[in-house]
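A note on names: the letters A, B, ... follow the listed sequences, proteins ahead of strands, and every chain is numbered from 1. Because the structure is predicted, anything quoted here is derived from the model rather than measured.
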Amino acid sequence: MEIETIKLERIKDFDLAHIFECGQCFRWNPSEDGESYVGMSGDYAGKASFNQEKGELVLEVTGGDRKFWSNYFDLNTNYSLIKETLLYSEPKIEDAIEYGKGIRILNQDKFETLISFIISQNNNIPRIKKCIESICRNYGENLGEVFGEERFAFPDPERLSKATVEELMALKLGYRSKYIVASTKKYMEEGCPANYDEVLAYPGVGPKVANCIMLFGLHDVEAFPIDTWVKQIMKDMYGFEDKDVRGMSEFASKRFGEYAGYAQQYLFYYYRDRK
DNA sequence: CGGCAGGCGGTTA
DNA sequence: TAACCGCCTGCC
């Protein structure tokens with residue numbers, strides 16, 4: 001597999017650890033030497049290194065042009081403005097923003113995001129990653145050895161539709177297996193969901209997962225996923241009851257408005273790491 | 001061993 | 001429409 005290098009410059013508000021550890025994606029991991037992150041975006045493998053002083057992102061990739069990767073890392077969005085705006089409407093978010101100041105909300109593949117977050121329900125990150133890799137290894141295109149190991153693309157709907165519930169159970173996907181099979185079928189038949197209600201209509205997708213798919217898959221940055229961590233945050237910061245998800249959601253919409261999704265990421269990343 | 005981890009779907013009252 | 005509960009698996 002041929003590797004090409006793409007250099008993107010004059011980048012602010014960017015930190016690979018913040019981006020890849022804030023829970024929005026599952027296929028990037030730190031390299032052995034800790035100098036970079038290696039993973040997949042769609043059908044392409046990549047190795048990303050960022051020089052904070054120079055504001056320079058160096059990508060070694062198996063495909064995708066500057067435009068693709070620039071869009072993937074959301075480099076055309078002004079995060080300084082987003083942070084200023086959030087800080088103005090909610091000064092209490094300052095520490096969280098400082099802690100995760102390099103977060104960017106990636107532009108990820110929609111189908112992959114749908115399936116990945118169905119897997120994420122009632123699950124933990126190491127196992128989510130293992131499940132997804134297992135799916136790629138069994139149903140995705142083999143790219144051969146890249147950056148020291150054999151790498152596989154996430155299967156497109158066509159490929160994943162070959163999977164049966166029994167096979168997925170054998171891959172330890174658990175009770176989510178039937179959701180994956182049914183959701184893949186639905187996606188094949190109906191095409192990509194375009195709004196919250198359409199996403200919510202997928203098997204194995206409830207309010208939390210639907211909001212993750214809206215935010216990370218459809219890049220609807222007003223979406224505010226409320227998981228156990230965010231519940232804890234809303235309780236600590238604003239005194240919400242655990243069960244009052246509706247109240248939290250309405251509050252987030254009022255307080256953070258069109259940038260609720262960014263606020264969720266800063267808060268989530270900050271609070272999860274403090275525990 | 002029970003409890004839990006980035007919940008959901010089905011059933012009940 | 002709110003509350004409860006079972007669920008695959010892995011790790012504490």
- [ ] For K254(A) and E250(A), run salt bridge (Lys or Arg N to Asp or Glu O under 4.0 Å): C-alpha distance rounded to whole Å, both residues' side-chain angles, the deciding distance at 0.1 Å, then the answer.
- [x] CA-CA 6 Å; K254(A) 275 193 193 126; E250(A) 286 171 358; 5.5 Å; no

Base, sugar-phosphate, or nothing: which does [X] touch, judged by heavy atoms less than 4.0 Å apart?
X: G23(A); result: base
X: Y179(A); result: sugar-phosphate
X: P225(A); result: nothing
X: I125(A); result: base
X: V205(A); result: sugar-phosphate
X: P126(A); result: nothing
X: Y202(A); result: sugar-phosphate
X: G206(A); result: sugar-phosphate

Open item on the list: For Y44(A) together with F68(A), are the ring centres under 6.0 Å from each other?
Closed with: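 Here the rings of Y44(A) and F68(A) have centres that are less than 6.0 Å from each other.
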
Open item on the list: Suppose we call two aromatic rings close when their centres sit under 6.0 Å apart. Are F26(A) and F117(A) close by that rule?
Closed with: yes

Task: Residue whose nearest DNA chain B nucleotide is more 5′ - E21(A) or G204(A) - done: E21(A)

- [ ] Please figure out whether D227(A) or L200(A) has its closest DNA chain B nucleotide nearer the 5' end.
- [x]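 The answer here is D227(A).
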
Interatomic distance where [atom1] belongs to [X] and [atom2] belongs to [N] [whole Å]:
X: M214(A); N: dG6(B); atom1: CE; atom2: P; result: 23 Å
X: K129(A); N: dG10(C); atom1: NZ; atom2: C1'; result: 16 Å
X: W229(A); N: dC4(B); atom1: CH2; atom2: P; result: 13 Å
X: L171(A); N: dC8(C); atom1: CG; atom2: C1'; result: 13 Å
X: L173(A); N: dG10(C); atom1: CG; atom2: C1'; result: 14 Å
X: L215(A); N: dG6(B); atom1: CG; atom2: P; result: 17 Å
X: I180(A); N: dG9(B); atom1: CD1; atom2: P; result: 13 Å
X: R176(A); N: dG10(C); atom1: CZ; atom2: P; result: 11 Å

Open item on the list: Taking pairing as Watson-Crick or G-U wobble with both contacts under 3.5 Å, can you name the mate of dC8(C), or confirm there isn't one?
Closed with: none

Task: Base partner of dG6(B), which must satisfy Watson-Crick or wobble distances under 3.5 Å - done: none

TODO: Run through Y262(A), W229(A), F256(A) and flag the one making a side chain to side chain contact (heavy atoms under 4.5 Å, CB included) with L267(A).
DONE: F256(A)

Open item on the list: Looking at Y175(A) and dG9(B), is any side-chain donor or acceptor paired with a base atom of the opposite kind under 3.5 Å?
Closed with: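 Answer is no: no donor-acceptor pair is held.
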
Which nucleotide in the list [options] gets nearest to the side chain of [X]?
X: R127(A); options: dC8(B), dG6(B), dC8(C); result: dC8(C)
X: F117(A); options: dC8(C), dG6(B), dA5(B); result: dG6(B)
X: K172(A); options: dG6(B), dC8(C), dG10(C); result: dG10(C)
X: K243(A); options: dC11(C), dA5(B), dA3(C); result: dA3(C)

Open item on the list: Say we look at dC8(B) and dC11(C): how far apart would their P atoms be, to the nearest angstrom?
Closed with: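 Rounded to whole Å, the distance is 24 Å.
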
TODO: Between dG6(B) and dG6(C), how far apart are the P atoms? Round to whole Å, please.
DONE: 22 Å

Going by distance alone, is a donor N or O of one side chain under 3.5 Å from an acceptor N or O of the other, for [X] and [Y]?
X: T184(A); Y: S161(A); result: no
X: D74(A); Y: Y79(A); result: yes
X: N29(A); Y: K129(A); result: yes

